[in-house]
Amino acid sequence: AINRLIEKIQAVNLEFGLVFESVFGGGSGKVRLVDPDHPLESPVEIVAALEGKRIKRLSQLSGGEQSLLALTLLFAFYRVNPAPFLILDEVDAPLDDSNIQRLCGFLKELAQKIQIIIITHNPLTIRIGDYLYGVTMEEPGVSKVVAVDFRDAARIME
Amino acid sequence: AINRLIEKIQAVNLEFGLVFESVFGGGSGKVRLVDPDHPLESPVEIVAALEGKRIKRLSQLSGGEQSLLALTLLFAFYRVNPAPFLILDEVDAPLDDSNIQRLCGFLKELAQKIQIIIITHNPLTIRIGDYLYGVTMEEPGVSKVVAVDFRDAARIME
Amino acid sequence: MRIKRLSIYGFKSFPEEVRLDFHRGITVIVGPNGSGKTNIFDAIRWIFGDQSPSNLRCEKIEDLIFFGSSQRRSAGFTEVKLILENEGELPEFGPEIEITRRFYRSQESDFYINRSPCRLKDIQDLALRIGGLSYAFLESGKIKEIIRGNIKRMFDESAGIA
Amino acid sequence: MRIKRLSIYGFKSFPEEVRLDFHRGITVIVGPNGSGKTNIFDAIRWIFGDQSPSNLRCEKIEDLIFFGSSQRRSAGFTEVKLILENEGELPEFGPEIEITRRFYRSQESDFYINRSPCRLKDIQDLALRIGGLSYAFLESGKIKEIIRGNIKRMFDESAGIA
Ligand SMILES: Nc1ncnc2c1ncn2[C@@H]1O[C@H](COP(=O)(O)OP(=O)(O)OP(=O)(O)O)[C@@H](O)[C@H]1O
Ligand SMILES: Nc1ncnc2c1ncn2[C@@H]1O[C@H](COP(=O)(O)OP(=O)(O)OP(=O)(O)O)[C@@H](O)[C@H]1O
Ligand SMILES: [Mg+2]
Ligand SMILES: [Mg+2]
């Protein structure tokens with residue numbers, strides 16, 4: 001059991017570092033055991049070094065930085081044992097434009113191997129889609145779905 | 001004590017109904033005691049009737065609908081005992097364009113009487129500002145603030 | 001392996017059958033607040049055997065069935081069907097895997113894999129063999145809680161020792 | 001009454017003095033993630049006497065002082081100043097009310113109203129007399145929790161019977 005845990009932490013840490021660089025565009029990130037001598041009892045900590053900042057605790061990061069860090073960890077777990085698809089529901093909401101662009105770059109690369117479905121309100125994220133569906137409730141309380149041409153995307157969002 | 005509580009619920013309920021109509025653009029909302037005979041022990045419930053939907057529980061609303069409902073309640077409390085200013089931090093993040101437009105209409109009207117400060121990433125919300133400040137960290141870890149002309153807003157967001 | 005088609009009937013805000021075809025690459029889903037986007041996300045979670053009310057945003061499984069609108073009566077049951085293109089990963093299931101799940105107001109359920117009846121456990125086993133589903137559904141509400149939560153537990157569960 | 005000017009020194013990510021002038025109407029604040037926008041929001045909460053670590057997003061009050069960057073040393077104290085234009089609501093304070101709050105790494109604090117020393121309690125009393133501040137700070141993270149939380153408590157607190 002201990003070996004499985006240590007292997008898992010090492011695998012996730014490796015992916016975490018790679019994903020961190022591509023979505024944060026700089027700095028470095030690690031995941032490690034706080035007390036490596038007692039793996040089963042020891043908590044796991046995330047160490048995030050953001051360019052030029054001296055972060056002591058994750059709670060000092062901003063809302064957007066915390067969301068991006070959490071996403072990085074989830075992507076790392078995903079890449080260690082990937083399903084054939086990935087479904088994202090408004091994960092871009094707290095992010096600014098340049099973080100969204102980096103996130104989109106990461107997703108576009110991932111989409112070469114797996115299928116990605118993204119629910120979003122943000123035009124920058126819509127742009128990376130290959131196919132677009134619009135969900136509407138023209139009849140109140142009843143959802144319908146239509147395939148949409150990207151040129152009409154703005155209309156459907158209203 | 002009981003009288004103060006009942007008066008407060010009535011006052012908030014009145015404002016809640018008015019705010020609900022302007023931010024949801026339809027339907028109606030109420031706040032009331034579940035058991036009016038025992039005001040001190042009784043919980044308070046929000047009743048939201050959205051156009052054409054038969055909502056039994058608030059947990060069945062979508063993420064955006066719940067956020068807008070919570071905002072409506074907070075605005076109702078605010079209007080019952082208003083401070084001279086109101087500060088909003090990314091409250092528009094989960095909302096779609098038409099809800100943001102209605103929210104902005106409501107805020108513009110409120111701003112005739114009080115001062116409003118809004119932190120946002122959304123261009124639709126930036127548009128209702130009278131003054132614009134950009135916060136940057138050109139030197140890593142060090143925040144600076146510059147007054148910005150609206151035409152340059154897109155540049156600062158990057 | 002990839003998702004080929006999802007069809008939803010009577011599930012949450014979908015009283016009429018709705019079909020979504022999926023392809024390789026990135027599919028984006030847009031729409032106003034409350035229009036039913038996350039209900040699609042929930043339908044995919046449910047078809048793979050998810051039973052958790054908190055994941056499915058309901059108090060009891062019956063809340064998944066269309067509860068009516070101002071113009072329509074409530075539905076008597078819900079059925080979700082997912083067709084996966086099987087590119088050799090699980091050869092015993094053939095070139096396509098069709099998973100069907102039905103739930104009636106009478107509390108009965110039907111489950112099918114490639115149109116032959118099975119149990120919920122068979123669908124959950126299939127989901128395990130496809131692999132990685134526990135980190136394939138990422139939603140904005142749950143993301144903020146990760147940093148403040150118990151990260152160690154994520155490792156214990158993923159290493160199978162939780 | 002309205003906010004006329006906020007000046008921040010040594011507070012969170014602001015090692016150098018920064019001044020923001022405010023006018024009537026709507027002021028919008030934009031900037032990249034992590035640039036310091038919510039730190040401004042926190043500074044205004046703090047100047048009105050807020051002491052709650054969870055509202056101020058810190059573990060102890062000392063975390064409010066600039067803790068340094070790759071090129072600068074940490075600051076020894078933080079000072080936030082707020083100038084309000086007093087349009088007759090609280091005449092005994094004069095046409096402008098200037099509130100100043102300082103906190104040193106040595107754990108000492110200084111408080112001033114219109115440049116004369118006072119206690120934290122005097123600032124908190126002034127905040128109560130201005131009124132309505134408990135619902136004047138609305139942030140996206142806390143909004144989602146309202147619907148699931150205890151709404152009755154909001155009424156009890158606001159009616160003064162909690
Ligand atoms: N069993 C049900 N029967 C009918 N309608 C339902 C049922 N369960 C949920 N709904 C409806 O579905 C709507 C919510 O849909 P959903 O959560 O998918 O919205 P969304 O498109 O994700 O919106 P947002 O952009 O705000 O996240 C609610 O308004 C609710 O009334
Ligand atoms: N005491 C401190 N000393 C120096 N820097 C600090 C201190 N406390 C917080 N910070 C820095 O402030 C930054 C966060 O700022 P803030 O939360 O205001 O960002 P924001 O502009 O609101 O971003 P977002 O758009 O993501 O919400 C963090 O990166 C953190 O390093
Ligand atoms: Mg949703
Ligand atoms: Mg912020």
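In what follows, chains carry the letters A, B, and so on, assigned in the order in which the sequence lines appear, proteins first and then strands, with residues in each chain numbered from 1. Fair warning: this is a prediction, and the values are worked out from it, not measured in the lab.
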Return yes when atom [atom1] of [X] has more than 12 non-hydrogen atoms of other residues, nucleotides or ligands closer than 6.0 Å, and no otherwise.
| X | atom1 | result |
| --- | --- | --- |
| Gln60(B) | CD | yes |
| Glu109(B) | CD | no |
| Arg153(D) | CZ | no |
| Lys60(D) | NZ | yes |
| Lys30(B) | NZ | no |

If we define contacts as heavy-atom pairs under 4.5 Å, which of [options] has the most with chain D?
| options | result |
| --- | --- |
| Glu7(B), Met137(B), Lys144(B) | Met137(B) |
| Asn81(B), Ile87(B), Val31(B) | Ile87(B) |
| Leu88(B), Leu5(B), Leu69(B) | Leu5(B) |
| Leu110(B), Leu74(B), Leu58(B) | Leu74(B) |
| Ile9(B), Val145(B), Val142(B) | Val142(B) |

Indicate yes or no: at least one non-hydrogen side-chain atom of [X] is less than 4.5 angstrom from one of [Y].
| X | Y | value |
| --- | --- | --- |
| Ser158(D) | Lys8(B) | yes |
| Pro84(B) | Glu87(D) | no |
| Phe155(D) | Phe77(B) | yes |

Given heavy-atom pairs under 4.5 angstrom as the criterion, report whether the side chain, backbone, both or neither of [X] touches chain D.
| X | answer |
| --- | --- |
| Glu138(B) | neither |
| Ser59(B) | neither |
| Glu139(B) | side chain |
| Val34(B) | neither |
| Leu73(B) | side chain |
| Lys113(B) | neither |

Verdict with reasoning, Ile117(B) to Ile3(D), per side-chain contact (heavy atoms from CB on, under 4.5 Å): CA-CA 10 Å; Ile117(B) 300 171; Ile3(D) 296 177; 4.3 Å; yes

Rounded to the nearest 0.5 Å, what separation is found between the [atom1] atom of [X] and the [atom2] atom of [Y]?
| X | Y | atom1 | atom2 | answer |
| --- | --- | --- | --- | --- |
| Asp89(B) | Phe137(D) | CG | CZ | 11.5 Å |
| Ile118(B) | Thr27(D) | CD1 | OG1 | 9.0 Å |
| Ile40(D) | Ile119(B) | CD1 | CD1 | 6.5 Å |
| Gln66(B) | Ile146(D) | CD | CD1 | 12.0 Å |
| Arg57(B) | Ile147(D) | CZ | CD1 | 14.5 Å |

Below 4.5 Å from any heavy atom of chain B, which atoms of [X] appear? Answer side chain, backbone, both or neither.
| X | result |
| --- | --- |
| Phe11(D) | neither |
| Phe66(D) | side chain |
| Glu16(D) | side chain |
| Ile8(D) | neither |
| Asn150(D) | neither |
| Lys37(D) | both |
| Arg72(D) | side chain |

Looking at every non-hydrogen atom in both residues, tell me the closest pair between [X] and [Y] and how far apart they are.
| X | Y | value |
| --- | --- | --- |
| Thr120(B) | Val30(D) | O-CG1, 3.7 Å |
| Ile26(D) | Ala111(B) | CG1-CB, 3.5 Å |
| Ser67(B) | Lys144(D) | OG-CE, 3.6 Å |
| Arg24(D) | Asp130(B) | O-OD2, 4.3 Å |
| Ser143(B) | Ser35(D) | OG-O, 2.5 Å |

Glu139(D)/Val91(B) under side-chain contact (heavy atoms from CB on, under 4.5 Å): CA gap, chis, key distance, verdict: CA-CA 6 Å; Glu139(D) 50 192 305; Val91(B) 300; 6.0 Å; no

Derivation of the side-chain contact (heavy atoms from CB on, under 4.5 Å) call for Arg4(B) and Ile161(D): CA-CA 8 Å; Arg4(B) 268 211 309 276; Ile161(D) 57 174; 3.7 Å; yes

Distance flag, aromatic centroids of Tyr135(D) and Phe75(B), threshold under 6.0 Å: no

Test of ring centre spacing under 6.0 Å for Phe41(D) and Phe85(B): no

Working for side-chain contact (heavy atoms from CB on, under 4.5 Å), residues Leu20(D) and Tyr133(B): CA-CA 8 Å; Leu20(D) 287 94; Tyr133(B) 277 114; 3.7 Å; yes

Option that, when pairs with chain B are counted at under 4.5 Å, heavy atom only, ranks first among Pro15(D), Gly25(D), Ser70(D), Gly36(D): Gly25(D)

